[in-house]
Amino acid sequence: MNYLKINRRSGILTISSVFLLLIAGGVVRSTGSGMGCPDWPKCYGQYLPPLCACELPDDYQDIYVQKRIEKIDRFAGVLKALGFKKQSEVLLNNPDLAKPEIFNPWKAWIEYINRIIGVLSGFFSLIFLLSLLKIRKYVSRFKFVTGVLGFIMMLFNAWLGSILVATNLFPVIISIHYLAAYAVLALFMLSFVNARIDENNVSLLKYKWFFIFMLIMSLLQVVFGTQLREISDEAIRQNELYKSDTVNFDVLGNTFNYHWFMAIGLVFASFIPVVFLRKKILKNWYRILLIIPLVFVLQYFSGVLNLRYAFPMVAQVAHIFFAGIIFGITLYICIAIFRAPKSITQI
């Protein structure tokens, strides 16, 4: 059996499925389907979501609220034992925990499909891990360790998904769940990607720290973006985000200012290597560089559409997906630069 080929194919499927999860998560978030299934891993106690409320007991809302409260009591106890007493109290005092969920077949199936994609990504990552164990003698220790950590992080994020449902989409856990997906993506890419800069593209090496900076800033943008979304959701619930059909930026605070300022800066910064490396590297690498500013521009306008038109589904999903594309491509370039042979790094 060719374990090298299995590892490569499962690696492609794992990374692709994580990107697909970002899209599915965006659809779930934009349609408000996060609690479409109030239990986990089943959906209303079934392996397939019910098609109508007639398939559920009359007191199904009370049943799942009680199950949620019991699970949160256990989770809060874990947080308290780990020293997060304040966070534990905030969670237990959250009034949304006792809020019942009304069955909606569309939302149930949207959340269920999201979970199916999550299961597939977990299956692909398991195959990747098992094949990695078989070829561990032929890969570097770094690739082996990051692959194992990627699988562990995948399991952690799956568990976090169950906690997210149990906490009735507690905002902080939503953000952690989203950021953990980026950690999964990064770890598997570090373990799988074999790209490297050669002597025909040596000019890219001069931008090593530039791309590291762009990678860190793009990830920081994701953090600010998740925080801004939490603030926006709360402002929408309080009917404070829009006044006379205009955005009330005051309610968004400095988080919006940081997010907007960094977005403008990153858009302009992303054009720097495109301009200065236009005739110094091969076309295949130049096309990769060109994708970054183009996607940054698209992401910026999708963010504008989100705020202007109260977060339409297409704009939300696009904004999340574009962020993943930017992060993935930038990380790909960083990996290729750091894997360049020593013979050309000294040129």
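Computed from a prediction, not measured in an experiment: that's the story for all the values here. In this chain, numbering begins with 1 at the start of the sequence shown.
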Check whether NZ of the Lys or CZ of the Arg Lys42 lies under 6.0 Å from the centre of the six-membered ring of Tyr47 and within 45 degrees of that ring's axis.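 The answer is yes; both the distance and angle limits are met.
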Worked verdict on Glu111 versus Lys107 for salt bridge (charged side-chain N to carboxylate O under 4.0 Å, His left out): CA-CA 6 Å; Glu111 168 59 15; Lys107 291 183 178 181; over 6 Å; no
Has [X] got a side-chain atom pairing as donor or acceptor with [Y]'s backbone, closer than 3.5 angstrom?
X: Gln316; Y: Phe311; result: yes
X: Ser121; Y: Gly118; result: yes
X: Asn157; Y: Met153; result: no
X: Tyr64; Y: Tyr44; result: yes

Before you tell me yes or no, could you show the steps for Glu234 and Arg237 under salt bridge (charged side-chain N to carboxylate O under 4.0 Å, His left out), namely the whole-Å CA-CA distance, both residues' side-chain angles and the distance that decides it to 0.1 Å? CA-CA 5 Å; Glu234 182 61 28; Arg237 281 193 290 267; 2.9 Å; yes
Does any pair with a residue in residues 220-252 pass ring-ring contact (aromatic ring centres under 6.0 Å, His included), and if so which ones, sequence neighbours excluded?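 Those involving residues 220-252 are Phe224-Tyr258, Phe249-Phe256.
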Classify the ring geometry of Phe156 against Trp159: parallel below 30°, tilted from 30° to 60°, perpendicular beyond 60°.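 Correct class here is tilted.
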Could you list the residues that satisfy disulfide (SG to SG under 2.5 Å) with Cys334, not counting sequence neighbours?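 By the disulfide (SG to SG under 2.5 Å) rule, Cys334 matches no residue at all.
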For a side-chain contact (heavy atoms from CB on, under 4.5 Å) check, start with the C-alpha distance between Met35 and Arg68, then their side-chain angles and the critical distance, and finish with the verdict. CA-CA 11 Å; Met35 290 300 293; Arg68 181 194 306 154; 3.5 Å; yes
Is the distance between the ring centroids of Tyr300 and Phe296 under 6.0 Å?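 No, they do not, as the ring centres are separated by 6.0 Å or more.
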Considering residues at least two apart in sequence or located in another chain, which fulfil the salt bridge (charged side-chain N to carboxylate O under 4.0 Å, His left out) criterion with Glu240?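 Here no residue qualifies.
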Report yes if the side chains of Thr146 and Phe188 come closer than 4.5 Å at any heavy-atom pair, otherwise no.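 Heavy-atom side-chain distance check fails, nothing below 4.5 Å.
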